[in-house]
**Q** 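What follows is a single structure, and I will ask about it in a moment.
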Amino acid sequence: MNYWLVKSEPEVFGWDDLVKDKVAIWDGVRNYQARNNLRLMKKGDYVLFYHSQTTKDVVGLSEVSQEFFQDPTTDDPNWVSVKLIPVKKFVEPVTLAALKANEKITELIMLRNGRLSVMPVAKNEFNEIIKMSKTKI
DNA sequence: GCCAACGTTGGC
DNA sequence: GCCAACGTTGGC
């Protein structure tokens, strides 16, 4: 099983929207690196859900419910989507500042490349983030 | 609102 | 194939 993190602007599509809709089609990705990561996602992989721009925190855990398929918002076969379902809202959101301050979190791509919207997370760092969220999975 | 970082585009 | 210019993202 692999671990991932996706970024979303809550004003466009936030955690509450995911819960309300019960499933999200993760479409509109137009970046090759992010696209490559979408293609590597397997059903059942855990996906951290991060709110960019506003609160800048990881707010919950989601899961891949369907592996990649043609992005329905374009006919260009370069672009793919996956489906995500909510697993659990974090008891305490994990802020970007807290991630930066945690010495155990060193590889997280977001801390170096602020622009990538879909990225892998190392297992030990994933576990650390879950621990920081005070949430039982 | 500004600016840094980075990806993409297009001229050569 | 290189590199400058430009656009976009996202933190501050």
Side-chain angles (χ1 to χ4, degrees):
Chain A
M1 138 118 78
N2 288 308
Y3 305 92
W4 309 92
L5 181 145
V6 296
K7 284 202 280 210
S8 186
E9 292 181 47
E11 291 181 9
V12 179
F13 188 90
W15 174 262
D16 292 340
D17 297 305
L18 178 63
V19 171
K20 179 160 55 74
D21 295 351
K22 299 196 169 62
V23 58
I25 298 177
W26 213 254
D27 58 22
V29 171
R30 296 292 182 271
N31 169 287
Y32 286 101
Q33 229 183 320
R35 187 281 311 270
N36 292 343
N37 290 329
L38 287 179
R39 282 185 171 167
L40 292 170
M41 286 185 181
K42 296 294 180 194
K43 187 172 175 172
D45 279 358
Y46 277 152
V47 182
L48 297 166
F49 198 102
Y50 177 80
H51 278 170
S52 63
Q53 311 266 19
T54 53
T55 49
K56 282 163 288 180
D57 48 10
V58 184
V59 290
L61 179 66
S62 61
E63 176 183 328
V64 178
S65 67
Q66 186 179 330
E67 292 173 18
F68 77 90
F69 53 93
Q70 170 68 40
D71 185 332
T73 63
T74 176
D75 291 330
D76 186 339
N78 277 321
W79 307 118
V80 300
S81 298
V82 298
K83 285 189 185 174
L84 298 181
I85 53 173
V87 175
K88 208 158 196 184
K89 183 175 183 169
F90 280 175
V91 175
E92 287 188 20
V94 179
T95 64
L96 180 64
L99 290 170
K100 283 183 172 172
N102 188 327
E103 289 174 1
K104 291 177 189 160
I105 311 270
T106 57
E107 293 173 34
L108 189 62
I109 294 166
M110 196 166 61
L111 302 186
R112 269 180 290 119
N113 179 358
R115 305 195 38 199
L116 189 62
S117 61
V118 181
M119 70 198 78
V121 180
K123 185 177 184 183
N124 62 316
E125 299 196 353
F126 174 86
N127 289 335
E128 180 65 20
I129 293 168
I130 295 297
K131 197 200 278 182
M132 291 165 82
S133 77
K134 301 198 164 59
T135 308
K136 282 263 194 297
I137 301 302

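In what follows, chains carry the letters A, B, and so on, assigned in the order in which the sequence lines appear, proteins first and then strands, with residues in each chain numbered from 1. Because only heavy atoms are used, hydrogens play no part in the values below, and waters and symmetry mates are left out as well, while side chains stay in.
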**Q** Could you check which residues of residues 105-116 of chain A get a heavy atom under 4.0 Å from DNA chain C? Sort them by number, please.
**A** A:Gly114, A:Arg115
**Q** Please list, chain by chain and in numerical order, all residues satisfying salt bridge (Lys or Arg N to Asp or Glu O under 4.0 Å) with A:Lys42, sequence neighbours excluded.
**A** none
**Q** Applying side chain to side chain donor-acceptor pair (under 3.5 Å), can you list everything that pairs with A:Ser62, at least two apart in sequence or on another chain?
**A** none
**Q** With sequence neighbours left out, write down each residue that passes salt bridge (Lys or Arg N to Asp or Glu O under 4.0 Å) with A:Lys134, or none if nothing qualifies.
**A** A:Glu92
**Q** Can you name the side chain to side chain contact (heavy atoms under 4.5 Å, CB included) partners of A:Ala34, sequence neighbours left out?
**A** A:Val29, A:Asn31, A:Leu116, A:Ser117, A:Val118
**Q** Is any NZ, NE, NH1 or NH2 atom of the basic residue among A:Asp71 and A:Arg35 found under 4.0 Å from an Asp or Glu carboxylate oxygen of the other?
**A** no
**Q** Tell me which residues in residues 93-100 of chain A put a heavy atom below 4.0 Å from DNA chain C, sorted by number, or none.
**A** A:Leu96, A:Lys100
**Q** Sequence neighbours excluded, which residues qualify as side chain to side chain donor-acceptor pair (under 3.5 Å) partners of A:Glu63?
**A** none
**Q** What residues form a ring pair (Phe, Tyr, Trp, His ring centres under 6.0 Å) with A:Phe126, not counting sequence neighbours?
**A** A:Tyr3, A:Tyr46
**Q** When Ile, Leu, Val, Met, Phe, Trp and Tyr are grouped by side-chain heavy atoms lying under 4.5 Å apart, directly or through other members, which residues fall in the same group as A:Tyr32?
**A** A:Trp79
**Q** Can you give the first and last nucleotides of DNA chain C, 5' to 3', that have an atom under 4.0 Å from a heavy atom of chain A?
**A** C:dG7 to C:dC12
**Q** Under the side chain to side chain donor-acceptor pair (under 3.5 Å) rule, collect the residues that match up with A:Asp57, sequence neighbours excluded.
**A** A:Thr55
**Q** Once side chain to side chain donor-acceptor pair (under 3.5 Å) is applied, do any residues pair with A:Asp75, and if so which ones, sequence neighbours excluded?
**A** none
